[in-house]
Amino acid sequence: MEPVNLREYETAARDKLDPGLYGYFAGGAQDEVTLGANEAAFRRLMLVPRVLTGAGEPALDLTLLGRQTSMPVLVAPSAFHRLAHPEGELATGRAAAQAGVIMINAMLSTVAMEDVAATGATLWFQLYLQPDLGYTEQLVRRAEAAGCRALVITVDSPALRTGERARSALLDLPPGLSCPNLGGAGDIRQVTLSPEISWRHIDWLRGVTSLPIVLKGILHQADAALAVAHGADAVIVSNHGGRQLDTAPATIDRLPLIAEAVDGRVPVLLDGGVRRGTDVVKALALGATAVAIGRPVVWGLTTAGADGVAHVLALLRAELANALTLCGLGSAGQVPRDLVVNDGPAAGR
Ligand SMILES: Cc1cc2nc3c(=O)[nH]c(=O)nc-3n(C[C@H](O)[C@H](O)[C@H](O)COP(=O)(O)O)c2cc1C
Ligand SMILES: CCCCC(=O)C(=O)O
């Protein structure tokens, strides 16, 4: 039977995937404290609806970094889509194009960014800044030439999580799969996650490209302010889906402080644990301009390729529209802060 919500897509994908592969996609770092916290924190927040507002059908579309998107939900960057489905990122791109949402294409995409761009989806390109600046600049030029509309710099990865027995341990790609965005053989070992990367590199990047720069992986309000000071055009509040520093806090819990520090100067995005339309509404109320979803896209892709991803996006869209209406709201762009109270069953009262 066709899944009717994002959680059912995870179940369908789990039934279909080799367990090791499912573990890689689903897993988090170490004890998975952060992984669990992302979803738990949304569950703790409750929505207080307003009544008799006569709001009408809610408007969901918005403009983000100069591009139209049909709803405040983006496809978060995730690696290796061809491990989930033979068409990989091509299928994801087709679904994003169909849904009219922005897809953040991963540096570790198993389809070249030019081919993903050819699906017609609005693409942002995610990259890990490489200590070899010449190489990094080449990649930036390639993203510009491919028509990517923004660069998403992942800043939560000065090293990879430790392998241990964590489910999320990085996989070697099977023969026939590679990461063509890397150039050369497209081997994941070509990527360096370096603790030397600093704000100086962001300044350097600001000087070499006119594309909007988005910093992904911000959790501290002081870093959000630094991001704006260093010329970032948006930030993404993210803990990498609980896959990097375990015991990093839930993203939705960090959002209010970060939104306050940014003070409307640039859009604040959030990812981690968004599984329901009500989660999107909570993020919007607490200061996000939009959210991104990671694993649910992979589950849709695994289950039914482009149709599965398109259905995941359509389900979330319908849930978001319904949640806004039930809250008495007529626009995703105007969600008041007092809609959310921290009163949930897990609040310990
Ligand atoms: C399998 C997988 C691979 C990922 N690969 C990347 C990546 O290559 N670059 C990156 O910046 N984030 C990566 N992420 C993190 C996502 O962009 C995003 O932050 C996270 O998945 C959001 O949480 P969610 O899965 O709960 O929606 C990955 C996440 C998963 C689950
Ligand atoms: C080098 C990073 C690997 C992809 C990734 O970000 C993840 O698995 O979470």
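In each ligand, atom 1 is the first atom listed, and ligand 1 is the first ligand listed. Values reported hereafter were calculated over all heavy atoms of this structure, with side chains retained and with hydrogens, waters and symmetry mates removed.
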Looking only at protein heavy atoms, which one is nearest to [atom], and what is the separation?
| atom | result |
| --- | --- |
| atom 9 (O) of ligand 2 | R243 NE, 2.7 Å |
| atom 4 (C) of ligand 1 | S78 CA, 3.5 Å |
| atom 7 (C) of ligand 1 | Y128 OH, 3.3 Å |
| atom 14 (N) of ligand 1 | P77 O, 3.3 Å |
| atom 19 (O) of ligand 1 | D271 OD2, 2.8 Å |
| atom 21 (O) of ligand 1 | G294 CA, 3.6 Å |
| atom 5 (N) of ligand 1 | A79 N, 3.2 Å |
| atom 2 (C) of ligand 2 | Y128 OH, 3.5 Å |
| atom 11 (O) of ligand 1 | T154 OG1, 2.7 Å |

Report the distance from atom [atom1] of [X] to atom [atom2] of [Y], rounding to the nearest 0.5 Å.
| X | Y | atom1 | atom2 | answer |
| --- | --- | --- | --- | --- |
| I188 | L177 | CD1 | CG | 10.5 Å |
| L339 | L324 | CG | CG | 8.5 Å |
| L219 | L245 | CG | CG | 8.5 Å |
| S109 | H81 | OG | NE2 | 7.5 Å |

Enumerated ligand 2 atoms positioned under 4.0 Å from heavy atoms of [X]:
| X | result |
| --- | --- |
| L170 | 3 (C) |
| Y24 | 4 (C), 7 (C), 8 (O) |
| R161 | 7 (C), 8 (O), 9 (O) |

Residue [X] vicinity, atoms of ligand 1 by number, heavy atom under 4.0 Å:
| X | result |
| --- | --- |
| F25 | 1 (C), 31 (C) |
| G272 | 22 (C), 23 (O), 26 (O) |
| Y24 | 1 (C), 3 (C) |
| S238 | 19 (O) |

Pair N105-E89, side-chain donor/acceptor within less than 3.5 Å: no

No-hydrogen, no-angle side-chain donor-acceptor test under 3.5 Å, T251 and N239: no

Ligand 2 contact by L108, heavy-atom criterion under 4.0 angstrom: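 The answer is yes, since L108 has a heavy atom less than 4.0 Å from ligand 2.
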
Residue selection (non-hydrogen contact nearest [atom]) among [options]:
| atom | options | value |
| --- | --- | --- |
| atom 12 (N) of ligand 1 | Q126, K216, R275, R243 | K216 |
| atom 5 (C) of ligand 2 | H240, Q244, M107 | H240 |
| atom 15 (C) of ligand 1 | M107, H240, H81 | H240 |

Evaluation steps, salt bridge (Lys or Arg N to Asp or Glu O under 4.0 Å), between R206 and D233: CA-CA 10 Å; R206 189 65 291 172; D233 297 283; 2.8 Å; yes

R14/E10 ion pair, N-O < 4.0 Å: no

Short N-O contact, R94 and E87, less than 4.0 angstrom: yes

Test item: L329 and P336 side chains (from C-beta on) under 4.5 Å apart, heavy atoms: yes

For ligand 1, the portion of L108 having any non-hydrogen atom under 4.0 Å away: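 Neither; nothing of L108 gets under 4.0 Å from ligand 1.
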
F25 and W299 aromatic ring geometry - parallel, tilted or perpendicular at 30°/60° bounds: perpendicular

V274 N/O under 3.5 Å from ligand 1 N/O: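 No, no N or O pair falls under 3.5 Å.
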
Heavy-atom neighbours of E137 CD exceed 12 at 6.0 Å: yes

Steps toward salt bridge (Lys or Arg N to Asp or Glu O under 4.0 Å) verdict (D172, R189): CA-CA 9 Å; D172 272 325; R189 274 170 288 252; 3.3 Å; yes

